[in-house]
Amino acid sequence: MAKQQYWLMKSEPSECSIDDLAAAKKQTVPWFGVRNYQARNYMRDQMQVGDGVLFYHSSCPEPGIVGLATVSSTAYPDETQFDKKSHYYDEKSTREEPRWMLVDVTLDRKTRLLSLPELREAPELADMIILKKGNRLSITPVTAAEWKAVLKRLG
DNA sequence: GCCAACGTTGGC
DNA sequence: GCCAACGTTGGC
């Protein structure tokens, strides 16, 4: 068993909020719609069942961490890439060679909102990738120390 | 709605 | 392989 890893995963609440995750069957959702190679590579190559996930709401009135989750599957193809009616359809992807992979994410627990301004104030979190200027990556690795500091602040 | 920052595309 | 143009992200 490899060492536990931690991630921050952004989701737009209008697309899939923490409440949507809580209401989902088995409180689990496939993390569909990622169309960025770096984020895909994290899911495909590095994520393991049991990894910790900070669930983050982006592009909304109150951006921030809103819950804790767990990676609950290894990587498999994102079905939406094959669906012509989907916003995430990719005509260059085939079933033989799918371009986009995803993992399942299962809710651990909802938390209070740990807001973006609050994250910025925390000295232990100063190096979080998500807080760096210009960062747009929807999935970023989180260090064990950052994970611990976030948990401490969530109480 | 604005805009900075970044990723992708495509012409050469 | 370069790089300009374009599209997207995401906070404000």
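Note on naming: letters A, B, ... go to the chains in the order of the sequence lines (proteins, then strands), and numbering restarts at 1 for each one. Treat the numbers as computed from the prediction; the structure is a model and nothing was measured.
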Here the distance between atom P of dG10(C) and atom CG of Leu8(A), to the nearest Å, is 11 Å
Quick one: sort the Trp7(A) and Tyr42(A) rings into parallel, tilted or perpendicular, breaks at 30° and 60°. tilted
From CD1 of Ile129(A) across to C1' of dA5(B) the rounded distance in Å is 16 Å
Taking Watson-Crick and G-U wobble contacts under 3.5 angstrom, with | marking pairs to another strand and [ ] crossing pairs, the secondary structure of DNA chain C is written ||||||||||||
From NE2 of His87(A) across to P of dT9(C) the rounded distance in Å is 7 Å
In whole angstroms, the gap separating P of dC6(B) from CG of Leu137(A) amounts to 11 Å
NZ (Lys26(A)) and CG (Leu21(A)) are apart, to the nearest 0.5 Å, by 14.0 Å
- Task: Check whether any side-chain N or O of Tyr56(A) sits under 4.0 Å from OP1 or OP2 of dG11(C), and answer yes or no.
- Result: yes
ask   = Is any side-chain heavy atom of Val34(A) closer than 4.5 Å to a side-chain heavy atom of Ile139(A)?
value = yes
When rounded to whole Å, the CD1 to C1' distance for the pair Ile130(A) and dC6(B) reads 15 Å
**Prompt:** Quick one: is dG10(C) close enough that its OP1 or OP2 comes under 4.0 Å of any side-chain N or O from Lys10(A)?
**Reply:** yes
Can you give each donor-acceptor pair under 3.5 Å made by side-chain atoms of residues 97-106 of chain A, sequence neighbours left out, with the distance rounded to 0.1 Å?
| from | atom 1 | to | atom 2 | distance (Å) |
| --- | --- | --- | --- | --- |
| Arg99(A) | NH1 | Tyr37(A) | OH | 3.2 |
| Trp100(A) | NE1 | Asp90(A) | OD2 | 2.8 |
| Asp104(A) | OD1 | Tyr76(A) | OH | 2.5 |
| Thr106(A) | OG1 | Thr28(A) | OG1 | 2.7 |
| Thr106(A) | OG1 | Ser72(A) | OG | 2.7 |

(message) When you compare the side chains of Arg153(A) and Thr111(A), does any donor N or O come within less than 3.5 Å of an acceptor on the partner?
(response) no
Between CG of Leu131(A) and C1' of dG10(C) the distance, given in whole Å, is 13 Å
Separation of dG7(B) atom P from Arg35(A) atom CZ, nearest Å, is 18 Å
Among the nucleotides dT9(C), dG11(C), dT9(B), whichever has the atom closest to the side chain of Arg136(A) is dT9(C)
Of dA4(B), dG10(C), dT8(C), the nucleotide closest to the side chain of Lys133(A) is dA4(B)
Of the candidates dG10(C), dT9(B), dG11(C), the side chain of Pro63(A) sits closest to dG11(C)
- Message: Strictly distance-based, threshold 3.5 Å: is any side-chain N or O of Gln81(A) a donor or acceptor partner for the main-chain N or O of Tyr89(A)?
- Response: no
Atom CD of Glu15(A) and atom C1' of dT8(C) are separated, to the nearest Å, by 14 Å
task = Taking atom types as modelled, find out whether Asp78(A) and Thr80(A) have a side-chain donor-acceptor pair closer than 3.5 angstrom.
result = yes
The nucleotide from dG10(C), dC12(C), dA5(B) with an atom nearest the side chain of Ser59(A) is dG10(C)
